[in-house]
Amino acid sequence: MGKRIHVTTTINGEPVEFLCEARQSLLEVLRDVLRLTGTKEGCNNGNCGACTVLLNGLPVDSCLVLAVEAEGATIETVEGIACGGHLHPLQQCFLEGAALQCGICTPGFLVAAKALLDKNPNPSERDIRFELAGNICRCTGYDKIVRAVQDAAQRMAASR
Amino acid sequence: MSAATSAYVFLPRIRRVPSPPTPQLAAEIAALKDFEYAAAATVEEAVSLLAARGDSARVLAGGTDILVQLREGLRSVDLLVDIKKIPELTVLEYSPETGLKLGAATPCYRIYGDERLRTAYAALCDATRIIGGWQVQSRASVGGNLCNSSPAADSIPALIVHSATCQIAGPSGVRELPVEEFCTGPGRNALERGEFLVSLTFPPPLPRSGSHYLRHIPRNEMDIAVAGAGAWLALDESGRIAAARVALSAVAPTPKFAAEASEYLVGKAPTEEVFREAGELAKKVASPITDMRGPAEYRIHLAGVLVRRALTKAAERAQSGY
């Protein structure tokens, strides 16, 4: 076992410190050390987006980030999307629109879609398909996911 | 005995199905081998770490290539030197008078997200917008794309047509190299022991100039180019082509500057026929392989088509002041 390195981060608004080996990905540490298992492992090589988290506000594949690189960083995972016991509009619209079947890709889609709506509150269908191209779903055929993101955008605009 | 039953009987003798790995074994297969990590604070520190370890050390920028290569066993290292915390490595300095200085570890999203660069270096913005998906663009850098030296790298034709120069730091100081001389083969480049890419500089944009990069992939997004083409041109006051640069990817062991096609364009009017002829001339630098992405003849054909389209869009942008 390699030398353990101390890393200080903020995860979902809480200060979090952990020990990790240099070779461990952020995904491994989130799931196996911190037990934040909402973030899923899909391909483990940066193609599928199931492990998407926000690193300093930007969507990244956590399988392609070393945990030691997260020193001083702010991380948001799917566990941080719901607020005060209420589902985020994206989560509510995914549920109501049945935008998931097996669910493995869903946390990654939710995090990436949240980043998209933070950047562009009124995305076109093309914007959604382009920006979410780094997230792969083998169940839904994407249409329901795109519609759920559009519904969530409308709901968020209406409540502003 | 029915055919189906006999197949059932014989199948186990032909194919030995391995038992599924235990969860612990599966985790070991997926995990990276042990290595050390060092975040260099200065260019000098990175050079001394890399020079001391030689081939057993690699640079870590965005990590979107090296971490995959380590996990898949294509490379092994004892030390990763993270260069992102060196201030020079993430600069993005632009002025219309002096041009662009781009730190080698500056991630793609900062390039295409910069309004000033969309007109000044449009081909570079086109390329950085289609490298992987958003998650990859948050981390992957143009310097990393260059140093990974894939023949199919999307950003390299853009760097070539924008006449970028590499600043390379090493044990004997800093040297410069035109970007078209950087790649020497698939996954190989001009970096020597202890050297790493610090930055790329670009000359200021000329008036009435425009550029474009495009590639052919069978999907809409998230794929590796079957072939790619970059084009840049500047028009004179009468609207004729005053200067031009054309480059190709995924059609040779390295991305290629198409010198003959570029020279042919100078002095010509920016017409469909001229661009078609430039595409034909550009094909001469193509020496592609046949692989699962496409046969060699198809890639050569694509090179001509993509160069014509890249030039057409570059000319539109030059004329419209995009």
Side-chain angles (χ1 to χ4, degrees), chain A residues 1-5 7 20-29 31-32 41-69 71-73 108 111-113 115-116 119-120 126-136 142, chain B residues 23-24 26-39 58 60-74 76-85 90 105 107-110 112-113 129-140 144 217 219-224:
Chain A
M1 189 179 286
K3 194 178 88 175
R4 299 213 162 226
I5 303 161
V7 178
C20 69
E21 295 174 52
R23 61 169 188 86
Q24 284 184 294
S25 68
L26 179 59
L27 173 63
E28 282 174 73
V29 168
R31 289 184 57 85
D32 302 342
E41 179 183 318
C43 65
N44 213 20
N45 65 15
N47 275 294
C48 80
C51 65
T52 302
V53 301
L54 301 186
L55 183 68
N56 296 326
L58 290 166
V60 299
D61 293 318
S62 60
C63 71
L64 294 188
V65 178
L66 294 178
V68 285
E69 293 183 85
E71 171 62 40
V111 171
L116 169 60
K119 183 173 77 165
N120 178 359
R126 196 196 164 281
D127 293 338
I128 295 169
R129 289 188 185 271
F130 185 83
E131 299 291 5
L132 300 184
N135 294 79
I136 292 176
Y142 300 102
Chain B
Q24 192 182 357
E28 279 171 26
I29 293 167
L32 292 164
K33 280 204 296 186
D34 199 19
F35 52 77
E36 287 173 71
Y37 166 92
R58 293 285 292 187
L60 173 70
T64 55
D65 283 313
I66 186 71
L67 296 182
V68 175
Q69 291 161 0
L70 291 172
R71 196 170 279 140
E72 292 178 354
L74 299 173
S76 88
V77 292
D78 297 331
L79 172 68
L80 279 186
V81 180
D82 189 348
I83 55 167
K84 289 188 293 296
K85 296 180 180 172
T90 53
C108 287
Y109 84 95
R110 281 186 58 201
Y112 66 73
R129 196 76 177 95
I130 56 173
I131 293 175
W134 192 5
Q135 289 92 334
V136 166
Q137 292 156 12
S138 297
R139 301 261 299 162
I217 55 173
R219 305 176 66 198
N220 286 331
E221 306 301 336
M222 288 285 289
D223 208 346
I224 294 171

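All figures in this text were calculated on a predicted structure; none of them were measured in a lab. Residue numbers start from 1 in every chain, and the chains themselves are labelled A, B, ... in the order their sequence lines are given, proteins ahead of strands.
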Of the backbone (N, CA, C, O) and the side chain (C-beta and beyond), which part of [X] lies under 4.5 Å from a heavy atom of chain A, both, or neither?
X        : result
B:Ile66  : neither
B:Gln137 : neither
B:Leu60  : side chain

- Message: Is it the case that the side chain of B:Arg58 and the backbone of B:Val77 share a donor-acceptor pair, with hydrogens and angles ignored and the cut-off at 3.5 Å?
- Response: no
- For the pair B:Trp134 and A:Leu116, evaluate side chain to side chain contact (heavy atoms under 4.5 Å, CB included) and give the outcome as yes or no after the intermediate values. CA-CA 10 Å; B:Trp134 192 5; A:Leu116 169 60; 3.9 Å; yes
- Task: Could you tell me which portion of A:Glu69 (side chain, backbone, both or neither) has an atom closer than 4.5 angstrom to a non-hydrogen atom of chain B?
- Result: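 Contact with chain B involves both backbone and side-chain atoms of A:Glu69.
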- Message: Using a strict threshold of under 4.0 Å (side-chain N to carboxylate O), is an ion pair present between B:Arg129 and A:Glu131?
- Response: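 Salt bridge between A:Glu131 and B:Arg129, a charged N being under 4.0 Å from a carboxylate O: yes.
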Got a list of side-chain donor-acceptor pairs under 3.5 Å for residues 54-66 of chain A, not counting sequence neighbours?
from	atom 1	to	atom 2	distance (Å)
A:Asn56	OD1	A:Thr74	N	2.9
A:Ser62	OG	A:Cys51	O	2.7

